[in-house]
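Read the structure below first, then the notes.
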Protein chains: 2
Amino acid sequence: MVLLDLLGRRWALRIVWELRGDALTFRALREACGDVSPSVLNTRLKELRDSDLVTLDEAEGYVLTPLGRELLERFLPLVDWAERWAKRG
Amino acid sequence: MVLLDLLGRRWALRIVWELRGDALTFRALREACGDVSPSVLNTRLKELRDSDLVTLDEAEGYVLTPLGRELLERFLPLVDWAERWAKRG
DNA sequence: GGATGGTGCTACGGAAAACGTAGCATCCCG
DNA sequence: CGGGATGCTACGTTTTCCGTAGCACCATCC
């Protein structure tokens with residue numbers, strides 16, 4: 001499970017999640033993640049870009065690649081479940 | 001996404017993944033995760049137990065709870081995809 | 001033309017997390 | 001009384017992360 005190496009790091013999954021909608025600038029992404037420090041954010045973005053999950057559109061900002069969108073799609077069932085889990089007794 | 005707080009930590013996802021099959025003892029789980037340090041493993045296990053995802057069966061060892069199995073199930077599409085992703089050009 | 005505000009990104013010191021090794025207490029089996 | 005399991009803790013080192021400040025660049029505005 002090489003994927004776990006990548007996603008099992010702080011903010012990695014969160015970044016993908018925050019990019020589920022429209023493109024976000026570096027600063028906007030930072031805010032969306034609750035003001036992560038830019039150094040860490042940049043490190044994660046490098047890893048995600050090297051993994052072809054995220055790319056930087058010069059005009060719009062950071063976006064998921066088609067591959068990233070595939071990942072997100074497979075991730076949605078989890079999100080659904082997570083909400084019910086969070087409300088457990 | 002409270003779930004990301006839990007799973008977005010080192011070894012958290014990995015532990016759930018390694019428990020996909022039969023129960024594992026503390027030490028076996030440690031080996032399965034590539035010899036994580038026991039302190040971290042124990043910290044994660046506490047978190048996962050507090051979250052009702054993992055439990056310690058006195059006879060067998062660490063096992064996923066029904067809730068944990070649900071999580072794993074939703075996680076499987078990702079695993080499938082991850083293998084193809086890992087082999088990308 | 002220079003001020004203002006946006007962009008992505010880096011540097012650096014301190015705090016927190018993870019690591020690695022050793023070992024404790026307990027139980028079971030011979 | 002060993003010997004070998006079990007879950008788990010302690011502690012010193014290393015790695016990672018955080019928080020703040022700031023750089024270089026570009027567009028807009030007056």
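As the structure is a prediction and not an experimental result, all values here were calculated from the model.
Remark: B:Arg88 qualifies as a cation-pi partner of B:Trp85 under the 6.0 Å distance and 45° angle criteria applied to the six-membered ring. A cation-pi arrangement is present between B:Arg20 and B:Trp17 under the rule of less than 6.0 angstrom and at most 45 degrees off the ring axis.
Each of D:dA10, D:dG19, D:dG7 was ranked by its minimum atom distance to the side chain of B:Leu56; first place goes to D:dG7. Side chain of A:Pro38, nearest nucleotide from C:dC19, C:dA22, D:dA21: D:dA21.
As a whole-Å value, the separation of A:Leu41 CG from C:dT7 P is 13 Å. The separation between A:Lys46 atom NZ and C:dC9 atom P is 8 Å, rounded to whole Å. The CZ-P distance, from B:Arg10 to D:dT16, rounds to 6 Å in whole Å. For the pair A:Asp5 CG and D:dT16 P, the interatomic distance rounds to 12 Å; values are reported in whole Å. One atom, CZ of B:Arg9, and another, C1' of D:dT15, lie 18 Å apart when rounded to the nearest Å.
Proximity of a side-chain donor or acceptor of B:Arg74 to a complementary backbone N or O of A:Arg74 within less than 3.5 Å is not detected. Judged by distance alone, the side chain of B:Arg49 and the main-chain N or O of B:Thr55 form no donor-acceptor pair under 3.5 Å. A distance-only check finds a donor-acceptor pair linking the side chain of B:Arg44 to the backbone of B:Arg10 [under 3.5 Å]. A:Thr65 contributes a side-chain N or O that, together with a main-chain N or O of A:Leu53, makes up a donor-acceptor pair within less than 3.5 Å. With hydrogens and angles ignored, the 3.5 Å screen pairs a side-chain donor or acceptor of A:Arg30 with a backbone N or O of A:Val36.
Ionic pairing of A:Arg14 and A:Glu18 is present here: one or more N-O contacts between side-chain nitrogen and carboxylate oxygen are shorter than 4.0 angstrom. With respect to B:Glu73 and B:Arg69, no salt bridge is recorded, no charged nitrogen being found less than 4.0 Å from a carboxylate O.
In this structure, B:Asn42 does not reach the D:dG7 phosphate: none of its side-chain N or O atoms is under 4.0 Å from OP1 or OP2. Distances shown here put a side-chain N or O of B:Trp11 below 4.0 Å from the OP1 or OP2 atom of C:dC19.
As judged by a 4.0 angstrom heavy-atom cut-off over every strand, A:Thr43 is placed among residues making no nucleic acid contact. Among the atoms of the strands shown, only primed sugar atoms or phosphate atoms (P, OP1, OP2) are found under 4.0 Å from some heavy atom of A:Arg49.
Of all the residues in residues 16-36 of chain A, A:Thr25, A:Phe26, A:Arg27 reach under 4.0 Å from DNA chain C with at least one non-hydrogen atom. Near DNA chain C, defined here as any heavy-atom distance below 4.0 Å, the residues from residues 58-67 of chain A are A:Tyr62, listed numerically.
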